Amino acid sequence: MLKLYNSLSRKIEIFKPIDKEVKIYTCGPTVYDHVHIGNLSSFIYADLLARILEIDGYKIKQVMNITDIDDKMILRSKEEYPEESPENALANLAKLYETTFKQDISSVGIRLNKLDFIKATDSILQMQSLITKLVKNGFAYIADDGIYFSIEAYQKDKKKYGQLLELDIQNTSKARINNDEYDKHTAHDFALWKFMKPNEPAWSFEIDGKDYIGRPGWHIECSAMSNEKLGIPFDIHTGGIDLIFPHHENEIAQSTAGNSSPLYAKYFIHNEHLLIDKRKMSKSLGNVYNLTDLEEKKLDPLAFRLLILQSHYRNQANFSWELLKAASNRLKDLKNFAVLYYQTKPTAGSEINFTKITDEIKEASFDDLNIAKVLAILSNFQNLIQDELVNDNQKEEFKIFLNMLDNLLGLTLGKTTDINSEQYKIILDRDIARKSNDWKRSDELRDELLKSNIGIRDTTQGQIWFLV
RNA sequence: GGCGCCUUGACGGAGUGGUUACGUGGAAGUCUGCAAAACUUUUUACACCGGUUCGAAUCCGGUAGGUGCCUCCA
């Protein structure tokens, strides 16, 4: 029984899918630069959610959008490709960072082949048709500089604007709103379509015979793309906590205006932000890192994944190089647990109840993704078998267990390889040397293995190798 | 000003009315031919002040500190 915290109700709810196939929409990146490790943490949690749903037996469809048209994209593309036309500059920039984005998320164990990507610029027609519908039905109005969504009209339709947070729309005087820049009726109305400015990419958009050439607003992109791929309503919408307002609130409004049901997504799952040395990640503090910073320090991206998994998605996780090193050590330990699979014994200790451990792990992960607890269960289990090892007749069960862990955590524990026959020969020779008390020879052989990063520990069960 | 969230040991980080979470690091010990690994112990745990209760880190109230959102930032 999977339990999830739903931002709509602000409560932990029992997950019940709308239909057999669970439909998930994950707010993806704006591809104007490398994604930073905070973005990555968000995608790792979304990936984790999908994995847990699968383990719970659901078939899933997970869509991730790629925002390749917005203010930042335009600005950056002009900087990077000043010679190109606005359209080409935009396409070049998007192509470059879409590729690096996919590499990055793949490195941190996110399964690319499980994600159904959709690009904003490929869905302009869907956005336009949604905007046209909103205009025709009176939920949007055409102003001098763009087409805006009318919150007043939405509320008159007996819909609540503020489903994800309590909003005091009347009292916005405290919020610093620069209303002069836009030609909209009220402060909270937001742009669905922005009319073309010089030197900006634009798409033709005809309503009632008139061309409103321009580009989509940010929020409409996700409404159109989610509807295109998943329909409405769908099961789960994920994203960072900052997207709650206005982005997701606006998505709900656009997508449900005029519909009989106010339901857009049944569950909204939001992850907290990653802190760097307990401080907010920001350019002014110079603490915005991306994956290349990790790779330069020769740190395994999967150690970063483990660092993220160690803390709960609804808590602010902390990142520091020291913590990453700690996570890296823990990952190594987990791998050395996994290689015990190659070192089962004919007569090891007592029978291990893999089913029980598996059930405990599943139960923890189903409890609003409590991976910290999963890892604790795993550590205890690891301590249990480290000395006694696993009996040969349970080798297959061990394999299944490791596969389950990989499906859940994505740390590729099952992908470790056995040592080769030469290395086994060294272990055998060392055994002989030890039996004849030839310690010099024994130590030489141990050093030799160490050269290929294989360590040896001498236990009552004989020599056990591990990865250094 | 409005609406939220958080505060656990050296450092991270779960838990949640009575029981060792767990990890990383430091120290000591056991084991060992020596190591390594493992194991054991240790390194003032639950921000502060009240209240409820037989009992509170856990529930309630207040205080302090941190933090998020209130128009485009995962």
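None of the values given here were measured: they were computed from a predicted structure. Reminder, nothing fancy here: chain letters follow the sequence lines and each chain counts from 1.
Using atom C1' as the reference point in both B:G2 and B:A21, the two lie 39 Å apart (nearest Å). Distance check on atom C1': B:G26 versus B:G9 gives 13 Å, rounded to whole Å. Taking atom C1' in both B:U52 and B:C60, the straight-line distance is 7 Å, to the nearest Å. B:G13 sits 24 Å from B:U42 when the P atoms are compared, rounded to a whole Å. B:U53 and B:G12: their C1' atoms are spaced 33 Å apart (whole Å). Remark: the separation of the P atoms in B:A28 and B:C6 is 40 Å, to the nearest Å. Spacing of P atoms, B:C39 relative to B:U16, comes out at 27 Å, to the nearest Å. To the nearest whole angstrom, the two P atoms, one in B:C69 and one in B:G23, are 35 Å apart.
Note on A:Ile464: nothing from the nucleic acid sits closer than 4.0 angstrom, heavy atoms only. Using a 4.0 Å heavy-atom cutoff across all strands shown, A:Leu243 reaches sugar-phosphate atoms only and no base atom. Across all strands, A:Lys325 comes closer than 4.0 Å to no nucleic acid atom at all (heavy-atom distances). Among the heavy atoms of the strands lying under 4.0 Å from A:Asn329 are primed sugar atoms or P, OP1, OP2 only; no base atom is included. Within the nucleic acid shown, A:Phe466 comes within 4.0 Å of sugar-phosphate atoms alone, with no base atom in reach, counting heavy atoms only. When heavy atoms are screened at a 4.0 angstrom cut-off, A:Asn315 is found touching the sugar-phosphate backbone but no base atom. Across all strands, A:Arg446 comes closer than 4.0 Å to base atoms (heavy-atom distances). A:Asp333 comes within 4.0 angstrom of sugar-phosphate atoms only, judged by non-hydrogen atoms across all strands, and of no base. A:Ser328 comes within 4.0 angstrom of no nucleic acid atom, judged by non-hydrogen atoms across all strands. Residue-level contact check: A:Asp458 touches the bases, meaning some heavy atom is under 4.0 Å from a base atom. Nucleic acid contact for A:Asn380: sugar-phosphate only, since backbone atoms but no base atoms lie under 4.0 Å from a heavy atom of the residue. Residue A:Asp443 is classed as a base contact, given a heavy-atom separation below 4.0 Å to a base. Residue-level contact check: A:Leu307 touches neither bases nor backbone, having no heavy atom under 4.0 Å from any strand. Nucleic acid contact for A:Ala376: base, since at least one base atom lies under 4.0 Å from a heavy atom of the residue.
Checked by distance alone, A:Ser442 brings a side-chain donor or acceptor within 3.5 Å of a matching partner on the base of B:G33. Between the side chain of A:Lys278 and the base of B:C11, no donor-acceptor pair of N or O atoms lies under 3.5 Å. Judged by distance alone with a 3.5 Å cut-off, a donor-acceptor contact links the side chain of A:Arg434 to the base of B:G33.
Atom pair A:Phe268:CZ and B:C69:P shows a separation of 18 Å (rounding to whole Å applied). Distance A:Ile105 CD1 to B:A74 P: 15 Å, rounded to the nearest Å. When rounded to the nearest whole Å, the span between CG of A:Leu275 and P of B:C73 equals 19 Å. Nucleotide B:G12 holds its P atom 15 Å from the CD1 atom of A:Ile308, rounded to whole Å. Across the protein-nucleic acid pair, A:Gln310 atom CD and B:G12 atom P stand 12 Å apart, rounded to whole Å. Across the protein-nucleic acid pair, A:Phe245 atom CZ and B:C5 atom C1' stand 18 Å apart, rounded to whole Å. The interatomic distance linking A:Met281 (CE) with B:C73 (P) rounds to 15 Å, in whole Å. Between A:Arg314 atom CZ and B:U7 atom P there is a gap of 12 Å when expressed in whole angstrom units.
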A:Tyr212/A:Trp193 under ring pair (Phe, Tyr, Trp, His ring centres under 6.0 Å): CA gap, chis, key distance, verdict:
CA-CA 9 Å; A:Tyr212 295 97; A:Trp193 190 259; 9.3 Å; no
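In this model, a donor atom of one side chain and an acceptor atom of the other lie less than 3.5 Å apart for A:Thr292 and A:Asn290.
Nearest to the side-chain atoms of A:Lys72 among the listed nucleotides B:A74, B:C73, B:G23 stands B:C73. Nearest nucleotide to the A:Gln316 side chain, out of B:A14, B:U24, B:U67: B:U67. Of all nucleotides listed (B:C73, B:G13, B:U67), B:G13 comes nearest to the side chain of A:Ala372. In this structure, the nucleotide among B:C73, B:A38, B:A14 sitting nearest to the side chain of A:His312 is B:A14. Distance from the side chain of A:His188 is smallest for B:C70 among the nucleotides B:C70, B:A74, B:A14.
Looking only at distances, no side-chain donor or acceptor of A:Asp116 sits under 3.5 Å from a matching main-chain atom of A:Gln62. A:Asp70 contributes a side-chain N or O that, together with a main-chain N or O of A:Lys72, makes up a donor-acceptor pair within less than 3.5 Å. Not one N or O on the side chain of A:Asn453 forms a donor-acceptor pair closer than 3.5 Å with the backbone of A:Leu467. Put simply, the side chain of A:Asn271 never gets that close to the backbone of A:Tyr313: no donor and acceptor are under 3.5 Å apart.
The side chain of A:Asn383 places an N or O atom within less than 4.0 Å of a non-bridging phosphate oxygen (OP1 or OP2) of B:C39.
Each of A:Arg10 and A:Ile244 was matched to the nucleotide of RNA chain B holding its nearest heavy atom; the match closer to the 5' end belongs to A:Arg10.
In the displayed structure, A:Glu295 atom CD is contacted under 6.0 Å by more than 12 heavy atoms of other residues, nucleotides or ligands. For A:Lys325, the NZ atom sits in a loose shell: 12 or fewer heavy atoms of surrounding residues, nucleotides or ligands are nearer than 6.0 Å.
Closest non-hydrogen pair, A:Ala376 versus A:Arg330, comes out as N-NH2, 4.3 Å. Here the closest non-hydrogen pair linking A:Tyr5 and A:Ile269 is O-CD1, 3.2 Å.
Expressed to the nearest 0.5 Å, how far CD of A:Glu200 lies from CD1 of A:Ile213 amounts to 11.5 Å.
Residues A:Val35 and A:Tyr97 fail the side-chain proximity criterion, which asks for heavy atoms closer than 4.5 Å.
Both stacking criteria are satisfied for A:His273 over the base of B:A74: a centre-to-centre distance under 5.5 angstrom and an angle between ring planes under 30 degrees.
Of all the residues in residues 33-43 of chain A, A:His36, A:Gly38, A:Asn39, A:Ser41, A:Ser42 reach under 4.0 Å from RNA chain B with at least one non-hydrogen atom.
With a cut-off of 3.5 Å on both pairing distances, the Watson-Crick and G-U wobble pairs of RNA chain B assemble into stems of 3 or more at B:1-7 with B:64-70, B:10-12 with B:22-24, B:25-30 with B:38-43, B:47-51 with B:59-63.
For A:Asp47 and A:Arg51, the salt-bridge test passes: some basic side-chain N is under 4.0 Å from an acidic carboxylate O.
None of A:Tyr342, A:Phe466, A:Phe398 except one satisfies the ring-ring contact (aromatic ring centres under 6.0 Å, His included) rule with A:Phe337; the exception is A:Phe398.
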